[in-house]
There are 2 protein chains.
Amino acid sequence: MELKKVEKISKALADPNRLQILKLLHKNKSCMYCSDINDVIDLAQPSVSHHLKQLSDAELIIAEKEGREVKYVLNNKIIDQYTSFLTSLKV
Amino acid sequence: MELKKVEKISKALADPNRLQILKLLHKNKSCMYCSDINDVIDLAQPSVSHHLKQLSDAELIIAEKEGREVKYVLNNKIIDQYTSFLTSLKV
DNA sequence: CAAATACATCGAAATATTTAAATGTATCAA
DNA sequence: TTGATACATTTAAATATTTCGATGTATTTG
């Protein structure tokens with residue numbers, strides 16, 4: 001995995017609200033809508049939208065548009081790639 | 001692993017210079033001195049010192065004082081703990 | 001088509017991070 | 001003990017991130 005990509009994923013993971021969103025997605029078996037996340041995270045809607053975009057840009061989550069809602073799905077694959085890189089750093 | 005700790009490690013990993021330092025430590029089998037890192041990283045000495053402190057505070061590296069030099073060692077254990085947390089997020 | 005809903009984008013303020021020059025501290029060597 | 005070396009800390013400037021109100025854009029519903 002490219003260092004630039006590792007940096008981007010790390011940045012996405014470096015915020016308590018975004019970590020909470022990922023935990024929520026895990027708990028709810030990855031299927032959550034933006035409004036559900038808005039209900040739980042104690043931030044204004046544009047802030048949540050911003051965080052979801054960062055997670056999405058890092059490919060940690062995948063946004064699936066369903067009518068006027070957006071469903072968010074955890075991207076297991078990129079987590080594997082990221083952890084593989086980190087493991088490869090070990091001596 | 002605590003979310004606060006995950007956040008701190010993620011922050012430490014979210015910088016190109018710090019990632020490069022970790023790669024250097026891996027390449028050199030974890031045994032490097034501050035001055036060696038200064039030679040390779042294109043930053044002033046206080047900046048490198050600052051980055052090493054962040055990696056050290058996140059426990060990604062361990063600083064071992066040897067006389068007037070400091071040797072840096074990769075902390076495999078914390079990498080394992082961090083990747084375990086990330087893996088546990090998967091659905 | 002008009003109103004409502006769900007989410008995104010813009011703009012701006014508050015806060016955090018990165019960087020380096022200047023300086024400080026500890027250790028070694030002569 | 002004096003000068004040099006290795007690294008840390010302080011201070012301050014530049015830059016990036018976080019946050020939210022206001023507003024914009026689709027989509028659905030009546």
Side-chain angles (χ1 to χ4, degrees), chain A residues 3-25 28 30-75, chain B residues 3-25 28 30-75:
Chain A
L3 272 201
K4 258 276 156 242
K5 183 75 191 165
V6 174
E7 187 191 337
K8 190 159 200 170
I9 293 172
S10 301
K11 273 208 172 81
L13 292 170
D15 177 275
N17 292 306
R18 290 195 290 271
L19 287 175
Q20 208 192 328
I21 290 171
L22 293 178
K23 280 198 99 168
L24 273 174
L25 286 174
N28 291 65
S30 192
C31 299
M32 279 194 100
Y33 292 91
C34 196
S35 54
D36 299 328
I37 298 169
N38 265 297
D39 292 345
V40 180
I41 304 290
D42 190 28
L43 286 176
Q45 177 265 322
S47 304
V48 172
S49 184
H50 167 76
H51 286 308
L52 287 169
K53 182 160 171 39
Q54 278 188 251
L55 290 170
S56 194
D57 285 351
E59 295 180 281
L60 280 163
I61 62 176
I62 295 161
E64 293 175 356
K65 191 153 190 186
E66 290 188 354
R68 82 181 130 177
E69 295 189 316
V70 178
K71 186 166 88 174
Y72 290 100
V73 179
L74 265 171
N75 186 1
Chain B
L3 271 202
K4 259 276 156 244
K5 183 76 192 166
V6 175
E7 188 192 335
K8 190 159 199 170
I9 294 172
S10 302
K11 274 208 172 82
L13 292 170
D15 177 275
N17 292 307
R18 290 194 290 270
L19 287 175
Q20 209 192 327
I21 291 171
L22 294 178
K23 280 197 98 169
L24 275 173
L25 286 175
N28 291 64
S30 193
C31 299
M32 279 194 101
Y33 292 90
C34 196
S35 56
D36 300 329
I37 297 168
N38 264 297
D39 291 344
V40 180
I41 303 292
D42 190 28
L43 286 176
Q45 177 267 321
S47 304
V48 172
S49 183
H50 167 76
H51 287 308
L52 286 170
K53 181 160 172 40
Q54 278 187 253
L55 289 170
S56 193
D57 285 351
E59 294 181 282
L60 281 164
I61 61 177
I62 295 160
E64 293 175 358
K65 191 151 189 185
E66 291 189 354
R68 79 182 133 177
E69 297 190 315
V70 179
K71 187 166 88 175
Y72 290 99
V73 179
L74 266 171
N75 187 359

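By convention in this document, chain letters (A, B, ...) are assigned in the order of the sequence lines, proteins followed by strands, and residues within each chain are numbered from 1. Note that the structure is a prediction, hence the values are computed from the model and not measured. In what follows, every heavy atom counts, from backbone to side chain, and hydrogens, waters and symmetry copies are set aside.
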Distance in angstrom units between [X] [atom1] and [N] [atom2], rounded:
{"X": "B/His51", "N": "C/dT17", "atom1": "NE2", "atom2": "P", "result": "13 Å"}
{"X": "B/Ile37", "N": "D/dA8", "atom1": "CD1", "atom2": "P", "result": "10 Å"}
{"X": "B/Leu55", "N": "D/dA8", "atom1": "CG", "atom2": "P", "result": "12 Å"}
{"X": "B/Lys53", "N": "C/dT18", "atom1": "NZ", "atom2": "P", "result": "14 Å"}
{"X": "B/Leu13", "N": "C/dT17", "atom1": "CG", "atom2": "C1'", "result": "16 Å"}
{"X": "A/Arg68", "N": "C/dA3", "atom1": "CZ", "atom2": "P", "result": "16 Å"}
{"X": "A/Lys8", "N": "D/dA16", "atom1": "NZ", "atom2": "C1'", "result": "14 Å"}
{"X": "A/Tyr33", "N": "C/dA6", "atom1": "OH", "atom2": "C1'", "result": "12 Å"}

May I have the step-by-step check of salt bridge (Lys or Arg N to Asp or Glu O under 4.0 Å) for B/Glu59 and B/Lys5, ending in yes or no?
CA-CA 10 Å; B/Glu59 294 181 282; B/Lys5 183 76 192 166; 2.6 Å; yes
Would you mind telling me which of [options] lies closest to the side-chain atoms of [X]?
{"X": "B/Cys34", "options": "D/dC7, C/dC7, D/dT19", "result": "D/dC7"}
{"X": "A/His50", "options": "C/dC7, D/dC20, D/dT18", "result": "D/dT18"}
{"X": "A/Pro46", "options": "C/dT17, C/dT9, C/dT19", "result": "C/dT9"}
{"X": "A/Lys65", "options": "D/dA8, D/dT18, D/dT27", "result": "D/dT27"}

So do the side chains of B/Leu24 and B/Ile41 get within less than 4.5 Å of each other, counting heavy atoms only?
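They are in contact (side-chain heavy atoms under 4.5 Å apart), so the answer is yes.
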Between B/Gln20 and B/Val40, is any pair of side-chain heavy atoms under 4.5 Å apart?
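They are in contact (side-chain heavy atoms under 4.5 Å apart), so the answer is yes.
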Which part of the nucleic acid, if any, lies within contact of [X], taking any heavy atom under 4.0 Å across all strands shown: a base, the sugar-phosphate backbone alone, or nothing?
{"X": "B/Asp15", "answer": "sugar-phosphate"}
{"X": "A/Leu52", "answer": "nothing"}
{"X": "A/Asn38", "answer": "nothing"}

Residue closer to the 5' end of DNA chain D, A/Val48 versus A/Lys11 (nearest nucleotide)
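Checking each residue's closest nucleotide, the 5'-ward one belongs to A/Lys11.
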Any [X] side-chain nitrogen or oxygen under 4.0 Å from OP1 or OP2 of [N]:
{"X": "A/Arg18", "N": "D/dT18", "result": "yes"}
{"X": "A/Ser47", "N": "D/dC20", "result": "yes"}
{"X": "A/Gln54", "N": "D/dT18", "result": "yes"}
{"X": "B/Ser49", "N": "D/dA8", "result": "yes"}
{"X": "B/Ser35", "N": "D/dT5", "result": "no"}

Donor-acceptor pair, side chain of A/Ser49 and main chain of A/Gln45, under 3.5 angstrom
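A pair under 3.5 Å: no.
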Would you tell me whether A/Glu64 and A/Tyr72 have side-chain atoms, one donor and one acceptor, within less than 3.5 Å of each other?
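No.
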Could you walk me through whether A/Cys31 and A/Val73 pass side-chain contact (heavy atoms from CB on, under 4.5 Å), step by step?
CA-CA 6 Å; A/Cys31 299; A/Val73 179; 5.5 Å; no
What about B/Gln45: does its side chain form a donor-acceptor pair under 3.5 Å with the base of D/dA6?
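Absent.
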